[in-house]
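Excluded from the calculations below are hydrogen atoms, water molecules and symmetry mates; all remaining heavy atoms, backbone and side chain alike, are included. Keep in mind the model is a prediction, meaning the values are calculated, not measured.
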Amino acid sequence: MRSLCLSLILWSAQACAISQISLSADSVSSDLFQLEKPNAVLDLRSKQQVKINAERLQLGDATLDKPNISLDISQRPTLLITSDQLQMQPYQVRHPRIFLDYRQKTVQPTLSLDAEVKALHDEVWGKFHLNCLVAAQAETQTWRCEDGLYQDIRSNVPFDLLVTPTWKAVAKSGEMAKGVDVELSVNQAKFSDAEGLHAADKLTGKVNLSAHEQAGGWRWQGVFDWQQGELFWQPFYFADGNKRFEIRGFYRQPYLDIEQATLSLPGVGTLHSQSRVNLISKEFEILKVDAHDVDFNGVYQAFIQPLIPNSAFGHLNVSGKADWSFEAKGLQPLKFHLNIVDASLEDQRGKFGFSHLSANIPWDYEQPTQIAMGYQSGHILKIPLGPTSWWAEVNRYSITSPSLKLPILDGMLDFQDISAAWINQSMVWHVKMDMQPISMSQFSQALDWPTMRGQITGAVPLITYANHELRMTGDMQFRLFNGMVGMSDLDIDDPLGAVPKLHANFTMRDIDLGEITRTFNFGSISGKLEGDIKHLRLQNWKPVYMDAVIQTADGPFEKKISQRAVENITALGGEGTAAALQRTFLRFFKEFGYEKIGLHCELRGDICKMGGVEAIPDGFVIVKGKGAPSVNVNGYTKYVSWKDVLARMQRVTDSNSKIIID
């Protein structure tokens, strides 16, 4: 009956010379699609061409606006769907083209997909292409998609895809849910986003993913075999491939819940994680990671160092075993726990290091925790440290401890009332310090200085650090050469940074000149030395500014200087410095009397303006003689490069200077 009616319609149309038939509906739907307000036009002249326009075509989660559909209803049909725009969060898709081709008789029908694609917050459009062989039993057999490619100015991702529809029982009643098994292979892929936060190069691997519908979303699990290539996912970086990642979870737009993920990393160990990712914002709303008995160096390089690249602990060589866990919500860390057993830690720039280090460092945003750490030996710069243990309380972003006793050489630094906090993306802390006597002999040897005698001792009422600046309140005193060296107004800007800057004032009183000259192989000078170095400024630990006065003190003590010391003082003065002895045979005396010895230096940049104990025409007096026999040393070069001054001091202490005295 239906065939008879259709024949009558076609006969009537021909009889009336009608060239096409148009049919409209409010909606046409099936299990695969929904077409809203379609209008179909049948071309009666070819009788095989149907063109359909509609307001909207819904294919799963994808929506095509105002699609144009061309259908060839011949024995070997084709279907072409085009549109200006396809809506598919979190991507923008324009000019999509879907082509189903049954014309080939010897091979399977093909389905090709082409479009221009970009992420919502990106400005770069890329080209997407995929060509699939249509399975004979489309709902149960595997669809093979080969020669897939996504390409833009930053990315080139070739891929192959196998898709197998499945059905799975999801209830005791026997209710079945549709699903899919997917195998995705990529070969030598590269990509990066506009912000440079996610990137890969020469990425080769395979992803096997199974999923089925459940509760308005998709329950899924997968295995990622990463064979080679590099991957950067801010702030973490992985290279060299040979990694396996097993994962399972649930997806409901826009959230991807990773209920359990296991990552095996060669040289590190096995890590487990859970997370929730917002696919629109690309942010981890929840992230949990834990690893047990893993290589400390591998964990540090892969997961800890990327989080603290610019801190004092951002460039370390480490070894040992560790347990590590981390939990965050959004960008807010919630929990952290690091347990280190018998490890070593060495700053790559040589600023500090520790061996046989153990630490238990828990942290919880919601409640205070107790941390404990210690080491058998270590160093700060080149100064050795003895066995140390330390306990502290951590409360969110602050840490407090009553004391820390730090054995150093044959003495100790006793830190008290330690308090630190992380405020406005920087560290703030303060501490009091007492110094138990440290041998200056051992201290100078540790720093490769000439061996000195005496002790370093003192107390500092308060040391503070804020805005990358360290300040000392009060004075530090050093007992050296039977006298005293005091330091005050210490201020260090960015002490652990690339270019630290120091400001301080120094005073010297009652220094035994005999002790100094014997220590530095300078020749013999008897008497006392005093001096002031005001407004000393170091940049990257090199002097760039100071007003320095070093001179002998007045007092009722012997004042003698040897001929060797005269030679070395003259050498320190450089070109234009002369030593004048009294005439006749006085030049043959080995020791002379003096009234005053002194040098001044006003350093600005690399230029030092020199002076002495008093001025003379065109110069200054360095050694002012007195009595008989006596000697005067005068300098005539007022402006000297600081590098030249240091070079002269080095030559003198090496006993390499030769001078003619006349």
Side-chain angles (χ1 to χ4, degrees), residues 235-236 265 268-274 287-329 331-348 351-380 385 387-407 415 417-423 425-431 465 496:
F236 305 114
L265 297 175
V268 178
T270 301
L271 289 82
H272 306 276
S273 71
Q274 296 173 288
L287 174 62
K288 297 179 181 180
V289 180
D290 66 87
H292 298 282
D293 195 30
V294 295
D295 182 77
F296 183 33
N297 182 55
V299 170
Y300 171 78
Q301 291 187 2
F303 298 102
I304 299 177
Q305 186 181 36
L307 298 173
I308 53 172
N310 299 317
S311 75
F313 305 100
H315 303 277
L316 304 178
N317 293 323
V318 302
S319 66
K321 293 291 185 179
D323 296 335
W324 178 70
S325 64
F326 176 76
E327 183 176 338
K329 184 175 182 179
L331 299 178
Q332 174 68 54
L334 295 179
K335 293 181 180 180
F336 174 88
H337 192 181
L338 178 63
N339 187 56
I340 306 169
V341 179
D342 197 26
S344 67
L345 181 153
E346 186 73 30
D347 178 53
Q348 294 175 2
K351 294 183 178 181
F352 58 86
F354 307 96
S355 62
H356 299 290
L357 170 72
S358 295
N360 182 34
I361 307 175
W363 179 84
D364 194 313
Y365 185 80
E366 298 296 336
Q367 58 186 359
T369 60
Q370 298 287 328
I371 69 172
M373 59 191 305
Y375 53 83
Q376 290 298 312
S377 62
H379 72 88
I380 295 178
L385 305 175
T388 300
S389 298
W390 183 47
W391 294 266
E393 180 179 280
V394 178
N395 191 349
R396 286 198 176 175
Y397 300 115
S398 67
I399 182 171
T400 56
S401 177
S403 68
L404 166 61
K405 297 185 183 298
L406 193 67
F415 297 97
D417 297 333
I418 303 167
S419 178
W422 183 260
I423 300 174
Q425 303 301 311
S426 65
M427 183 62 72
V428 177
W429 54 264
H430 70 260
V431 65
Y465 179 84
L496 297 176

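- Counted within 6.0 Å of NZ on Lys335, heavy atoms from surrounding residues, nucleotides or ligands total 12 or fewer; the atom is thus considered open.
- Across Leu334 and Lys329, no two heavy atoms sit closer than the pair CD1-CB, 3.7 Å.
- Note on residues 392-405: pairs passing salt bridge (Lys or Arg N to Asp or Glu O under 4.0 Å), not counting sequence neighbours, are Lys405-Asp414.
- Summarising the geometry of Leu271 relative to Ala291, their closest heavy-atom pair is CG-CB, 3.7 Å, with the distance given to 0.1 Å.
- Across all non-hydrogen atoms, the minimal contact from Thr369 to Pro362 is OG1-O, 2.8 Å.
- Using modelled atom types, one finds a donor on one side chain and an acceptor on the other under 3.5 Å when comparing His337 with Asn360.
- Within the 4.5 Å cutoff, the side chain of Trp429 has no heavy atoms near those of the Ile399 side chain.
- Glu346 and Phe352 get closest at one heavy-atom pair: OE2-O, 3.6 Å.
- For the ring-ring contact (aromatic ring centres under 6.0 Å, His included) test, no residue two or more places apart in sequence or in another chain qualifies with Phe415.
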| field | Working for side chain to side chain contact (heavy atoms under 4.5 Å, CB included), residues Ile361 and Val394 | value | CA-CA 9 Å; Ile361 307 175; Val394 178; over 6 Å; no
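- Between Phe326 and Trp363, the distance separating the two ring centers is not shorter than 6.0 angstrom.
- Shortest non-hydrogen contact noted between Ser389 and Leu404 is O-CD1, 4.2 Å.
- When side chains are defined from C-beta on, Asn297 does not count as touching Ser319, because their heavy atoms never get closer than 4.5 Å.
- Ala359 and Met373 get closest at one heavy-atom pair: CB-CB, 3.7 Å.
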| Between Tyr375 and Leu345, does a side chain to side chain contact (heavy atoms under 4.5 Å, CB included) hold up when you go through it step by step? | CA-CA 10 Å; Tyr375 53 83; Leu345 181 153; over 6 Å; no
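- Paired with Asp290 under the rule side-chain contact (heavy atoms from CB on, under 4.5 Å), one option of His272, Gln274, Glu327 passes, and it is His272.
- Taking the six-membered ring for Trp and thresholds of 30 and 60 degrees, Phe336 and Trp324 have ring planes more than 60 degrees apart, a perpendicular arrangement.
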